[in-house]
Amino acid sequence: MNRLLENIFMSRELYQTILNPVCVKYGITHTEATVLLFLANNPHCDTARDIVERRRITKSAVSAATRDLQERGLIKGKYTNGNHRSIHLTICDSAKEIVEEGNKAQNDFFSVLTEGFTENEKTEFRRYFERVTENISEYNRSCSASQKRAGWQSY
């Protein structure tokens, strides 16, 4: 178990190390890079709430990052269908190069993780992690439901 926890923390640190040159080159924070890459890789999840829930970044950090990205013309937000509670975010063409380099960094990260794996092992690795993600999501949903019943407020 300790090895698994160590792996989780080391993986996060490795990802930040690999993504850092992109952040430095374009003068963006890791959170801003995460927001851009999330929007690029998950077009069906286009609100700040989606980013908070799926990337586990605080609401205040996502809010600050989206504001800064909008001010720099890298993303834009709009209300849809008369709903003025949720702003839907899209990436601007000016962010295309950042996203491309960010995606390359993500692929480099996966390559480091799977160094020496066969293609079949890489496929299995992805499948196992998708299953782990589903298990965690299901656990979180069940906790959220019980917390709501116990009076916890959701965002």
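Numbers for residues simply follow the sequence, beginning at 1. Keep in mind that what you see is a predicted model, and the values were worked out from it rather than measured.
Ion pairing between a basic and an acidic side chain is recognised when a charged N comes within 4.0 Å of a carboxylate O; Glu119 and Lys122 show such pairing. At a threshold of 4.0 Å, the pair Glu6-Arg3 counts as salt-bridged, since one of the basic side-chain nitrogens sits closer than that to a carboxylate oxygen. Between Arg127 and Glu130 there is no salt bridge, since no side-chain nitrogen of the basic residue lies less than 4.0 Å from a carboxylate oxygen of the acidic one.
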Side chains of residues 63-75: which donor-acceptor pairs under 3.5 Å do they make with residues two or more places apart or in other chains?
from  : atom 1 : to    : atom 2 : distance (Å)
Thr66 : OG1    : Val62 : O      : 3.0
Thr66 : OG1    : Ser63 : O      : 3.0
Arg72 : NH1    : Gly27 : O      : 2.9
Arg72 : NH2    : Tyr26 : O      : 2.9

Please report the C-alpha distance between Leu89 and Thr47 in whole Å, then the side-chain angles of each, then the deciding distance to 0.1 Å, and finally whether the side chain to side chain contact (heavy atoms under 4.5 Å, CB included) criterion is met. CA-CA 6 Å; Leu89 305 168; Thr47 66; 5.9 Å; no
Under the side chain to side chain contact (heavy atoms under 4.5 Å, CB included) rule, what do Lys76 and Ile87 come out as? Steps first, then yes or no, please. CA-CA 9 Å; Lys76 60 184 173 183; Ile87 297 175; over 6 Å; no
Can Glu121 and Thr118 be said to form a side chain to side chain contact (heavy atoms under 4.5 Å, CB included), step by step? CA-CA 5 Å; Glu121 289 170 330; Thr118 66; 3.2 Å; yes
Working for side chain to side chain contact (heavy atoms under 4.5 Å, CB included), residues Glu100 and Lys104: CA-CA 6 Å; Glu100 287 173 359; Lys104 183 186 178 311; over 6 Å; no
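Ile18 has its side chain within reach of Val112: a pair of non-hydrogen atoms, C-beta onward, lies under 4.5 Å apart. By the 4.5 Å heavy-atom criterion applied to side chains, Cys23 and Thr29 are not counted as neighbours. Side-chain contact between Arg126 and Arg131: absent, with no pair of heavy atoms (C-beta onward) separated by less than 4.5 Å.
Across all their heavy atoms, Ala33 and Leu19 have their closest contact at CB-CD2, 3.9 Å. The two atoms that bring Cys45 and Leu39 nearest to each other are O-CD2, 3.8 Å, heavy atoms only. In plain terms, the two heavy atoms of Glu101 and Val22 that are nearest each other are O-CG2, 3.7 Å.
The CG atom of Leu36 lies 5.5 Å from the CD1 atom of Ile28; values are rounded to the nearest 0.5 Å. Leu14 CG to Asp108 CG: the interatomic distance, rounded to the nearest 0.5 Å, is 10.0 Å. Taken from CZ in Phe110 to CZ in Phe129, the straight-line distance is 9.5 Å, to the nearest 0.5 Å. Atom CD1 of Ile136 is separated from atom CZ of Arg141 by 11.5 Å, given to the nearest 0.5 angstrom. One distance of note links CD1 of Ile57 with CZ of Phe38; it measures 9.0 Å at 0.5 Å rounding. Rounding to the nearest 0.5 Å places OG1 of Thr17 at 10.0 Å from CZ of Phe109.
Atom CG of Asn135 sits in a crowded spot, with more than 12 heavy atoms from other residues, nucleotides or ligands closer than 6.0 Å.
Residues Gln106 and Asn41 bring a donor and an acceptor atom of their side chains to less than 3.5 Å of each other. Checked by atom type, the side-chain pair Ser111/Asn107 shows no donor-acceptor distance below 3.5 Å.
Listed by chain and residue number, Asp50 satisfy the salt bridge (charged side-chain N to carboxylate O under 4.0 Å, His left out) test with Arg54 (two or more places apart in sequence, or in another chain).
Considering Val99, Ile98, Val35 as possible partners of Ile91, the one that fulfils the side chain to side chain contact (heavy atoms under 4.5 Å, CB included) test is Val99.
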